[in-house]
Amino acid sequence: MASILPASNTSMRSDRNTYVGKSFVHVKNPYLDSMDEDVLYHLDLGTKTHNLPEMFGDVKFVCVGGSPNRMKAFALFMHKELRLADSEEDIKDICAGADRYCMYKIGPVLSISHGMGIPAISIMLHELIKLLYHARSSDVPIIRIGTSGGIGIAPGSVVITDEAVDSFFKPRFEQAILDNIVNRRTELDKELAEELFNCSKEISTFPTVIGHTMCTYDFYEGQGRLDEALCSFSREKGLDYLKRAYNAGIRNIEMESTVFAAMCRLCGLKAAVVCVTLLNRLECDQINSPHDVLVEYQKRPQLRISKFIKQRLGLCDQTS
């Protein structure tokens, strides 16, 4: 990766330039370093109230997901996988005082919830990226672990995203800034996607594919469902849309990947999206699998990510 320090930000801390060969998280905001204090309101953290480099400077992996319960479960799972000496009772929600997101730190792994949809994850990402910036974090991959609707693949399949696209099948994220619409690219790190896929080859109990992921602003009408409160299209038109999406290389649908890809790319973070599919949208609209089946499905991306993290840490032979 080319240098990630923006030349225009002359107020960058000079000590960042002393770390040769490291890729630091950066912000594209010339005003940030001139602030007396940066309050990360929704994370219940701040540059004056907390020593962010001491708390988070050793973070090497960031994993985010929609559900607070799921990300707590992932934190407990990684605690067992890494065989850390501290007790599970010591794992506390760092953001508990804000009541918006949850955050758990497990050794070098940060597990954070982001809520549902583009607005919720966007707010979290702004503050998370600033957190990593203030903590002087470097070489930190960020992975979204999620659930999704599959297109033309079996429920329970895991999709590793190679390209995040919008509802028009375009690799872009449209952001309204003041009274302008700004288009941002949604490239994800291909090497990271390949590394995650190769990690999954040894786990043969369920299928894993690499494909495009479509991000929508809505769970119902925007995804062509027929079970919403409002429906303005025919069954045939909705099915045709999903078939065209499949032919365009799209293998699943969710509601966060485009803004996630765009923001991480602009701030020098290598990012990936790994989602399990809960149904095949070419066959049905409603999620009707038993609860225990859905719980097992949601563990599948976590297994991939755990193996990836342990390989990176040189613990690939360690199992819990």
Counting N and O atoms only, with roles assigned by atom type, does the side chain of Gln223 sit under 3.5 Å from a partner on the main chain of Arg225, one being a donor and the other an acceptor? no

Is Asp38 salt-bridged to Lys130, cutoff N-O under 4.0 Å? yes

Does any part of the side chain of Met116, heavy atoms only, come nearer than 4.5 Å to the side chain of Met255, both counted from C-beta? yes

Side-chain touch Asp93/Cys102, heavy atoms, less than 4.5 angstrom: yes

Using modelled atom types only, decide if a donor and an acceptor are shared between the side chain of Asn280 and the backbone of Pro155 within a distance under 3.5 Å. no

Between Arg70 and Gln298, is any side-chain donor less than 3.5 angstrom from a side-chain acceptor? yes

Is the shortest side-chain heavy-atom distance between Pro290 and Glu296 below 4.5 Å? no

Within 6.0 Å of CZ in Arg235, more than 12 heavy atoms from elsewhere: no

Does Arg265 reach the side chain of Arg185, with side-chain heavy atoms less than 4.5 Å apart? yes

Quick one: does Val64's side chain get under 4.5 Å of Ile145's, heavy atoms only? no

Exactly one candidate in Leu196, Ile160, Val273, Ile309 meets side-chain contact (heavy atoms from CB on, under 4.5 Å) with Ile143; the answer is Leu196

Does the salt bridge (Lys or Arg N to Asp or Glu O under 4.0 Å) test come out yes or no for Arg184 and Glu174, once each step is laid out? CA-CA 6 Å; Arg184 290 173 170 166; Glu174 288 190 346; over 6 Å; no

Does Phe206 have more than 12 heavy atoms from other residues, nucleotides or ligands lying within 6.0 Å of its CZ? yes

Under a 3.5 Å distance rule, please check whether Thr186 uses its side chain to pair with a backbone N or O of Ala164 as donor and acceptor. yes

Cluster overlap Ile94 with Leu40, hydrophobic side-chain contacts below 4.5 Å: yes

Residue pairs passing the ring pair (Phe, Tyr, Trp, His ring centres under 6.0 Å) test with at least one member in residues 140-185, sequence neighbours excluded, are Phe169-Tyr241

May I ask you to check whether over 12 heavy atoms, not counting those of Lys60, lie within 6.0 Å of atom NZ? yes

Can you hop from Leu226 to Leu242 via hydrophobic side chains spaced under 4.5 Å? no

Check whether any side-chain N or O of Asp90 sits under 3.5 Å from a backbone N or O of Asp86 as a donor-acceptor pair, and report yes or no. no

With side chain to side chain contact (heavy atoms under 4.5 Å, CB included) as the criterion, how do His42 and Met124 come out once you've worked through the C-alpha distance, each side chain's angles and the decisive distance to 0.1 Å? CA-CA 7 Å; His42 300 89; Met124 187 280 291; over 6 Å; no

If only atom types and distance count, is the side chain of Ser111 paired as donor or acceptor with the main-chain N or O of Met71 below 3.5 Å? yes

Can you confirm whether the side chains of Tyr133 and Asp33 place a donor and an acceptor under 3.5 Å from each other? yes

Is the closest side-chain donor-acceptor distance between Ser257 and Arg144 under 3.5 Å? no

Do Phe260 and Ile142 have side chains that get closer than 4.5 Å, going by heavy atoms? yes

Whether the His212 and Asn252 side chains hold a donor-acceptor pair (N or O, under 3.5 Å, no angle test) is what I'd like checked. no

Cationic N near anionic O, under 4.0 Å, Lys48 to Asp36: yes

Is a side-chain donor-acceptor pair under 3.5 Å present for Glu37 with Thr47? no

How about Val109 and Leu82: do any of their side-chain heavy atoms sit closer than 4.5 Å? yes

Path from Val293 to Val158 over hydrophobic side-chain contacts below 4.5 Å: yes

Looking at Ser306, is its backbone amide N or carbonyl O close enough to the side chain of Glu81 to form a donor-acceptor pair, meaning the two atoms are under 3.5 Å apart? no

Using the side chain to side chain contact (heavy atoms under 4.5 Å, CB included) rule, take Leu282 and Lys243 through it: C-alpha gap first, then chi angles, then the decisive distance, then the call. CA-CA 8 Å; Leu282 296 181; Lys243 288 180 177 178; 4.2 Å; yes

From Leu188 CG over to Thr161 OG1, what is the distance, rounded to the nearest 0.5 angstrom? 6.5 Å

For atom CZ of Phe233, is the number of surrounding heavy atoms from other residues, nucleotides or ligands below 6.0 Å larger than 12? yes

Mark yes or no for whether Arg172, through its side chain, and Val165, through its backbone, hold a donor-acceptor pair below 3.5 Å. no

Answer yes or no: is there a side-chain heavy-atom contact under 4.5 Å between Ile112 and Leu128? yes

Give a yes or no on whether the backbone of Gly107 and the side-chain of Lys105 come within a donor-acceptor separation of less than 3.5 Å. yes

For Arg281, does its backbone N or O pair with a side-chain atom of Glu283 as donor and acceptor, under 3.5 Å? no

For Asp99, I'd like to know if atom CG has over 12 heavy atoms of other residues, nucleotides or ligands within 6.0 Å. no

Counting distance only, does the side-chain N/O of Lys92 pair as donor-acceptor with the main-chain N or O of Glu89 below 3.5 Å? yes

